[in-house]
Amino acid sequence: MKLKGLRWWVVSLVALAAVINYIDRQAFGALWPDIANELFPEMDKDGHKAIYGTISTIFILSYAGGQALFGKIFDWIGTRIGFALSIGVWSIATLLHAFAQGMLSFSIFRSILGIAEAGNWPGAAKANAEWFPTNERALAQGIFNSGAAIGGIVAYPVIGLLSYYFDWKAIFIVVAILGFLWLLPWLFVVKADPKSHPWLSDDEKKYILSGQRNQDIDDDGNYDEGYTPTTAQLFKHKESWGVIIASAAIDPIWWLFIVWIPLYLSEVFGMDVEQIAFSAWVPYVGAMIGAIFGGLLAKNRIKAGWSVDKTRKLTITLGIALMIPCFILLKYPGAPQVLKVFGVQEVAALKMADPQVKKIMDNKAFKDLKSDKDFIEGIAGNSTNEIKSNPRFKKAYQSAVWKTPKAEATKEERLMPKYGPPSDFGIAALASLSEINKARNTAALIAVIIMAILLFGFQVAIGNIQTLPSDLFGGKIVGTLSGFAGMAAKLGAAGLTLLVTFITTGGNYTPAFLIGGALAIVALSAVWFLCPKIEPLKPKLKA
């Protein structure tokens, strides 16, 4: 039996693995408000964020080690078994989340998940190098990356839908099953590599192998394994460091959003699990489109006669040029001048941001009231005393728990706006609750659209950065370089994740976004200065 276009079946399965990968990892962030309230009821939002940030950092550090480990594993046992091992172990780890009882057990299970999920990326790079000619690699990488974006898109709505019927423990079991099901078509379809696969037609085999021109380092028409240096020799090439530094700088940007979007929407705009589930997917639409666009653009330019060097640098520069202004714009989605353009009253925008108003809007006791049309219409235009005497308001107010300072807090700290019940101004603001809700919802929509544009640019850039190992070296060392680049990327992501825990106290994410913009510039500089010409490398001559 011969299967036409077998390489596209392979990359589709790899992309589907990325979808499952992101559903598994995103479940934790989407469900965190419910997990935190059940396991850590005595803590406030900053306490919950500290635990979440710590567990997330452990996950990313484990992911970093897993990148280097699985890079070697894929080079050792091959793409077929490497993927089966990776997704099998991470599905077991996801299942174990249902039995977590606190920070320690979650950290252990997230660590196992991180190590195993890391195999997806060096595995994809190796599959790309094996199954695709040079002119299709960026497109194939884009299809794979779109799988990660699709995973981000569907994860939140899927988790939100499941949360209507199951508790968080059962949801982890349900999503774990998806990984086990994926193993069946993978082991059936991917029987061998392109040189010996029984279903691959002669024409497609010839197209794949003869099209890998970056492997023909002698320009003699023989497409051998290419230049495959030892690990020590690999690091003597500045281009290897260009790949590693670019990955270490740009990849944390992705993690900045996949880790913190749920908490950002919760802290800044007061969203609950259901609202987050049906909003947090929007940025990943931009990412999915960017992944495909970046691959198609690269394929188009190479087909038009551009060199690989010119093509990669064009797409990487274009992607990062789109990202940088978005980082700056993320400071302003709730600004009165911006919201006014969308029909939001200036006074409503100001009230939305007032700490006294946020006390009520973000308090769990008022969750149902602030979205209840009858209540909103009933208190519209009322005075402070009229609102206080409203039976439904009084019941919610009496059941509310207000944040109190620690015993060792200074007098100045005790007077901070975040402590104690709201002032009369905060209560009076409920008279215009419908306008405040509109301001919050509009600002949140603006923010996620900006993020969508930013992640579009990110995927345009990173899809081409991730093809650099196969552009520069032979297939037997691609997994190794991809693994080291991935490890460096995840170490950077872990550092940024931990840093965000401290620099966003009180819900101010502007410092994190500014750091993201700076990292994008570092990534672009690494490509331009350390990879002066992206082409097949040759062994360094001994002095």
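Given the structure is predicted, the values throughout are model-derived calculations rather than measurements. If you read the sequence from its start, that first residue is 1, and numbering goes on from there.
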Inset, instruction - Using the six-membered ring wherever Trp is involved, compare the ring planes of Phe70 and Phe74 and label them parallel, tilted or perpendicular (cut-offs 30° and 60°). - result: tilted

Inset, instruction - Look at the aromatic rings of Phe106 and His97 and report parallel, tilted or perpendicular, splitting at 30° and 60°. - result: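 Phe106 vs His97 ring planes: perpendicular.
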
Inset, instruction - Starting from the C-alpha separation in whole Å, work towards a yes-or-no answer on side chain to side chain contact (heavy atoms under 4.5 Å, CB included) for Lys195 and Glu130. - result: CA-CA 9 Å; Lys195 293 180 180 178; Glu130 286 179 352; over 6 Å; no

Quick one: are the ring centres of [X] and [Y] less than 6.0 Å apart?
X      : Y      : answer
Trp260 : Tyr52  : yes
Trp8   : Phe132 : yes
Phe257 : Tyr264 : no

Inset, instruction - Test the Arg25-Tyr22 pair against the cation-pi criterion, namely NZ or CZ under 6.0 angstrom from the six-membered ring centroid and within 45° of the ring axis. - result: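 Satisfied, under 6.0 Å and within 45°.
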
Legend entry - Asn21 and Trp90: side chain donor to acceptor below 3.5 Å: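 Note: Asn21 and Trp90 side chains miss the donor-acceptor criterion.
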
Legend entry - Test item: side-chain donor near acceptor, Thr317 and Trp528, under 3.5 Å: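 Yes - a donor-acceptor pair under 3.5 Å links their side chains.
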
Legend entry - Partner set under salt bridge (charged side-chain N to carboxylate O under 4.0 Å, His left out) for Lys533, not counting sequence neighbours: Glu535

Inset, instruction - Quick one: pull up CZ in Phe59 and CD in Glu117 and give me the separation to the nearest 0.5 Å. - result: 4.5 Å

Legend entry - From CA spacing to verdict: salt bridge (Lys or Arg N to Asp or Glu O under 4.0 Å), Asp309, Lys313: CA-CA 6 Å; Asp309 177 66; Lys313 287 177 178 174; 3.2 Å; yes

Inset, instruction - For residues 278-306, pull every pair meeting side chain to side chain donor-acceptor pair (under 3.5 Å), keeping only residues two or more places apart or in separate chains. - result: Gln26-Tyr284

